[in-house]
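None of the values given here were measured: they were computed from a predicted structure. We number each residue from 1, following the sequence as shown.
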Amino acid sequence: MFSKKIIGERLKSLVFASKGLWILVLKEDSFKYQLLGCLLAILAAFYFEINKAEWLAQLGIMALVLGLEGLNTAIEELADFVQPHQDKAIAKVKDLAAGAVLIAGLFALVIALVIYIPYLVALF
C-alpha cells in the first residue's frame, strides 16, 4: 500500500520536524519556560493523581500552547527575515501571533485552576 518512496519522504519530514523541535527546546527562551511549566504541571498531576479527563484537558492545552509557541516563533523568524528593519505591518503580524499564544496560555491557567484548586483545598 505504501511505497518505499512515500515512507522515505515521511521519514525525512519527521527528521525535519525533529530538527525544528530541538531548535525550539535549545534556543527559544519562551518555549523553554513553557516547557518548564508543562513539566511542573505533569509532576503535579502525578502527585495529586488527577483523573483521566483532567489529564486529557491538561495534555491538550499543553499541546496547544507549545504548538502555538512554535508557530509564533516561526512567524517571528520569517517576519524578521522578510523585513529586518522596524515595520508597523510586521510588528502587527508578530503581535497577533503572540496574542494567540497568550490566549492559549490564559486558558491553560484557567484549566490548571479548575483542576488543581480542589486538590489544593483538600490538602488544608
Side-chain angles (χ1 to χ4, degrees):
M1 177 172 209
F2 294 108
S3 71
K4 287 182 182 180
K5 180 182 178 186
I6 291 173
I7 293 171
E9 289 172 357
R10 294 301 94 214
L11 289 174
K12 266 188 189 176
S13 295
L14 185 58
V15 169
F16 295 140
S18 297
K19 182 179 176 183
L21 177 59
W22 281 115
I23 291 168
L24 286 169
V25 170
L26 297 175
K27 305 276 185 188
E28 295 300 323
D29 288 340
S30 293
F31 193 85
K32 289 178 193 179
Y33 293 130
Q34 290 166 353
L35 208 52
L36 176 62
C38 290
L39 177 63
L40 294 173
I42 289 170
L43 291 173
F46 281 118
Y47 178 80
F48 290 112
E49 298 177 353
I50 66 175
N51 66 44
K52 185 187 277 188
E54 292 166 335
W55 266 108
L56 291 173
Q58 180 170 294
L59 292 173
I61 197 67
M62 286 177 182
L64 181 63
V65 170
L66 292 173
L68 284 174
E69 183 58 43
L71 286 173
N72 179 49
T73 299
I75 290 168
E76 288 181 358
E77 289 288 325
L78 180 60
D80 290 344
F81 177 77
V82 170
Q83 179 54 272
H85 305 291
Q86 282 290 91
D87 183 88
K88 287 183 181 182
I90 293 293
K92 182 179 179 181
V93 168
K94 291 166 75 172
D95 290 347
L96 289 168
V101 178
L102 179 61
I103 290 167
L106 291 173
F107 274 89
L109 177 62
V110 169
I111 288 170
L113 292 173
V114 168
I115 291 172
Y116 291 108
I117 283 177
Y119 291 103
L120 292 169
V121 168
L123 283 178
F124 301 102

TODO: Calculate, to the nearest 0.5 Å, the distance between atoms CG and CG belonging to Leu66 and Leu71 respectively.
DONE: 11.5 Å

Open item on the list: Once rounded to the nearest 0.5 Å, what's the spacing between atom CG of Leu120 and atom CD1 of Ile115?
Closed with: 11.5 Å

Which atom pairs, donor and acceptor, lie under 3.5 Å between side-chain atoms of residues 28-45 and protein residues at least two apart or in another chain?
from  : atom 1 : to    : atom 2 : distance (Å)
Lys32 : NZ     : Leu26 : O      : 3.1
Gln34 : NE2    : Glu69 : OE1    : 3.4

Open item on the list: I need the minimum non-hydrogen distance between Tyr119 and Ile50, along with the two atoms involved.
Closed with: OH-CA, 3.4 Å

Residues 93-109, side-chain donor-acceptor partners within the protein, below 3.5 Å, at least two apart:
from  : atom 1 : to    : atom 2 : distance (Å)
Lys94 : NZ     : Asp80 : OD1    : 2.7

Task: Sequence neighbours excluded - side-chain hydrogen bond (donor to acceptor under 3.5 Å, both in side chains) pairs with any residue from residues 39-50 - done: none

- [ ] Show which residues join Val114 in its hydrophobic cluster (side-chain heavy-atom contacts under 4.5 Å, direct or indirect), or state none.
- [x] Val110

Open item on the list: Under 4.5 Å between side-chain heavy atoms, counting indirect links through other Ile/Leu/Val/Met/Phe/Trp/Tyr residues: same cluster for Ile75 and Ile90 or not?
Closed with: no

- [ ] Tell me whether Ile117 is reachable from Leu123 by hopping between hydrophobic residues (I, L, V, M, F, W, Y) whose side-chain heavy atoms are closer than 4.5 Å.
- [x] no

Side chains of residues 7-22: which donor-acceptor pairs under 3.5 Å do they make with residues two or more places apart or in other chains?
from  : atom 1 : to    : atom 2 : distance (Å)
Ser13 : OG     : Glu9  : O      : 3.1
Ser18 : OG     : Leu14 : O      : 2.9

Task: Those residues that, when tested against Phe46, pass ring pair (Phe, Tyr, Trp, His ring centres under 6.0 Å) (two or more places apart) - done: Trp55

Open item on the list: Would a single hydrophobic cluster contain both Leu68 and Leu24, if residues Ile, Leu, Val, Met, Phe, Trp and Tyr are joined by side-chain heavy-atom contacts under 4.5 Å?
Closed with: no

